[in-house]
Protein chains: 2
Amino acid sequence: MARKPPTKPRKNALQERSRATVDALVEATARILVREGFEKTSTNRIAEIAGVSVGSLYQYFPSKEALVAAVINRHNEEIMGIVRSALIEITDMPLDKAVRRLVTVAIEAHRINPELHRVLAEQIPRAGKLDVEAFNREIHTLVRAYFDGHRKEIRKIDLDVATFICVSTIEAIAHNTVLNQAAMLSDKMVRTLVDETTRMVVGFLR
Amino acid sequence: MARKPPTKPRKNALQERSRATVDALVEATARILVREGFEKTSTNRIAEIAGVSVGSLYQYFPSKEALVAAVINRHNEEIMGIVRSALIEITDMPLDKAVRRLVTVAIEAHRINPELHRVLAEQIPRAGKLDVEAFNREIHTLVRAYFDGHRKEIRKIDLDVATFICVSTIEAIAHNTVLNQAAMLSDKMVRTLVDETTRMVVGFLR
DNA sequence: AGGAAAAGCGAGTGAATGCTCGCATTATAG
DNA sequence: CTATAATGCGAGCATTCACTCGCTTTTCCT
């Protein structure tokens, strides 16, 4: 029964220290992406920084893209964790409180790892694109569900259009605030931006 | 007087057909960026598509980045042309009409060459970044100037904050509308989005 | 016409990089 | 203890690609 020659098709199966290897590789990739940019991120360098060999790298990741995709997913999961729990939190809150919370959370999420976020947002070469779409759709669905549950507080308007506009707006303001205005980010400024953005969105919805 | 050996330090001096060569190179770069993505955009391929030799390419552009930067600038200039004239147009218009025009123009601008816009927005590796910042600042300044001239129609609010929020919002909605919703872009939908976005921004300002 | 400069050419070079493959080391099972 | 699998290694291969250089062709000027 020599059915399975020692063929390890590469990539799956993690049992012990190999978990650490995989983690080290993903972490190293993130670090290099931030510190050197996507262009300088080579597999040899990733392996070097992770303290493993290129060979080991290719045992768990079939390509450089797979590695970058892993970093993107990890980052997106962090963000989605925050966003999901926020949306649970606000389920029964009135519109103005809820929107304020969403705006705050959006900024917090962007502040998790701004440098990484910037690189991922600006230099994605191809991979992970589908996953990002999926996350966007999930956010849209969750926000829409909240709106739907609070119809009475909202004027007559197509909920998909309203969701699209609100999500785009909040995301953009959070993004630009954290990434383009890093300097002028006093707490007072942030509070002003949250106040004003909330005002705009709430005013729009009702 | 052998002062000037046939040294042509590369890059400047365009007099006749060379202009056509330069144009062909920029155009070819844009085409390849759109059709193959940044990763596959090599100088040899650019020269091939442009119908010139690599040598000629390097007579006018000192590096691949210079070529990409030229494409970015050309595209940005197209957009800024539209935006600038819109801002002149609206100078004396009332707030609601003016905002509506701005929203419409933003979408129009994104529709000039959506594919190229996407590649430039998503895959910029480094170059052109400074120029993009400059354009953003110019837009901010122009919009702020309009707001300043129409203070009476606007509630008491820091004009920089208001401008930041409005510009971010309009840009994001236009961007997402054209790039992520390309499918569902009936004229009716666009009109709805323009209406609602205008309503939100105007409601916010006064 | 004739000479010089501008424009154009494209095979070739050198460096970077993604990835493989045969082997060494470590862990697990019987 | 020994066999077997899992994990790890890293020199090197193959390829790609930005860019150079010596040369030819075209244009301009007198």
Side-chain angles (χ1 to χ4, degrees), chain A residues 1-26 28-29 32-33 36-71 123 125-127, chain B residues 1-26 28-29 32-33 36-71 123 125-127:
Chain A
M1 275 257 261
R3 303 282 302 324
K4 283 199 174 183
T7 312
K8 228 332 217 18
R10 178 188 293 124
K11 185 168 182 278
N12 53 12
L14 335 170
Q15 292 163 352
E16 299 262 340
R17 63 185 162 162
S18 54
R19 197 89 98 183
T21 300
V22 170
D23 278 357
L25 285 167
V26 176
T29 306
I32 299 175
L33 280 174
E36 322 238 10
F38 179 81
E39 297 234 294
K40 304 228 149 189
T41 303
S42 73
T43 52
N44 286 325
R45 187 125 179 74
I46 291 171
E48 181 190 329
I49 298 290
V52 299
S53 74
V54 227
S56 299
L57 184 158
Y58 278 96
Q59 242 167 20
Y60 301 107
F61 297 93
S63 70
K64 181 187 170 182
E65 281 69 35
L67 228 4
V68 175
V71 171
Q123 303 184 7
R126 186 142 287 270
Chain B
M1 273 254 265
R3 303 280 306 319
K4 283 200 172 182
T7 312
K8 235 315 226 21
R10 176 190 291 127
K11 186 170 183 283
N12 54 13
L14 337 170
Q15 293 162 351
E16 299 259 341
R17 64 183 161 161
S18 54
R19 195 89 99 185
T21 300
V22 169
D23 278 358
L25 284 167
V26 176
T29 305
I32 298 175
L33 280 174
E36 322 238 10
F38 180 81
E39 297 233 294
K40 304 230 149 190
T41 303
S42 72
T43 51
N44 286 322
R45 186 126 181 73
I46 291 171
E48 181 190 331
I49 298 291
V52 300
S53 76
V54 227
S56 298
L57 183 158
Y58 279 95
Q59 242 167 21
Y60 301 107
F61 297 93
S63 71
K64 182 187 169 181
E65 281 68 35
L67 229 5
V68 175
V71 172
Q123 304 184 7
R126 188 141 286 271

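Note that the coordinates shown come from a computational prediction; the quantities given were computed from them, not determined experimentally. Residue numbering restarts at 1 for every chain, and letters A, B, ... go by the order of the sequence lines.
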Select one nucleotide: of [options], the one nearest the side-chain heavy atoms of [X].
X: Val54(B); options: dA18(D), dA11(C), dT7(D); value: dA11(C)
X: Tyr58(A); options: dT20(C), dA7(C), dT20(D); value: dT20(C)
X: Val52(A); options: dC19(C), dA18(D), dC9(D); value: dC9(D)

Round to a whole Å and report the spacing from [atom1] of [X] to [atom2] of [N].
X: Lys64(A); N: dG18(C); atom1: NZ; atom2: C1'; value: 8 Å
X: Glu39(A); N: dC17(D); atom1: CD; atom2: P; value: 13 Å
X: Asn44(A); N: dT20(C); atom1: CG; atom2: P; value: 13 Å
X: Arg17(B); N: dT25(D); atom1: CZ; atom2: P; value: 13 Å
X: Ile46(B); N: dC19(D); atom1: CD1; atom2: C1'; value: 13 Å
X: Ile32(B); N: dA18(D); atom1: CD1; atom2: P; value: 10 Å
X: Gln59(B); N: dT24(D); atom1: CD; atom2: P; value: 16 Å
X: Leu25(B); N: dG8(C); atom1: CG; atom2: C1'; value: 11 Å

Task: Given DNA chain D, 5'-ward residue of the pair Gly55(B) and Gly51(A), judged by closest heavy atom - done: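 Result: Gly51(A).
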
Tell me whether the OP1 or OP2 atom of [N] has a side-chain N or O from [X] closer than 4.0 Å.
X: Thr21(B); N: dG8(C); value: yes
X: Thr43(A); N: dC19(C); value: no
X: Ser53(A); N: dG8(D); value: no

Between atom [atom1] of [X] and atom [atom2] of [Y], what is the distance when rounded to the nearest 0.5 Å?
X: Ile49(B); Y: Ile32(B); atom1: CD1; atom2: CD1; answer: 5.0 Å
X: Phe61(B); Y: Leu25(B); atom1: CZ; atom2: CG; answer: 6.0 Å
X: Leu67(B); Y: Thr41(B); atom1: CG; atom2: OG1; answer: 9.5 Å

- [ ] Report which part of the nucleic acid Ser56(B) touches: base, sugar-phosphate, or nothing (heavy-atom distance under 4.0 Å, all strands).
- [x]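 Base contact - Ser56(B) has a heavy atom under 4.0 Å of at least one base atom.
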
- [ ] Looking at every strand, decide which applies to Ser42(A) at a 4.0 Å heavy-atom threshold: base, sugar-phosphate, or nothing.
- [x]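 Sugar-phosphate, backbone atoms only, no base.
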
Task: Trace of the side chain to side chain contact (heavy atoms under 4.5 Å, CB included) decision for Val68(A) with Phe38(A) - done: CA-CA 9 Å; Val68(A) 175; Phe38(A) 179 81; 4.0 Å; yes

Open item on the list: Can you pull out every salt bridge (charged side-chain N to carboxylate O under 4.0 Å, His left out) where at least one residue sits in residues 43-62 of chain A? Sequence neighbours excluded, please.
Closed with: Glu36(A)-Arg45(A), Arg45(A)-Glu48(A)

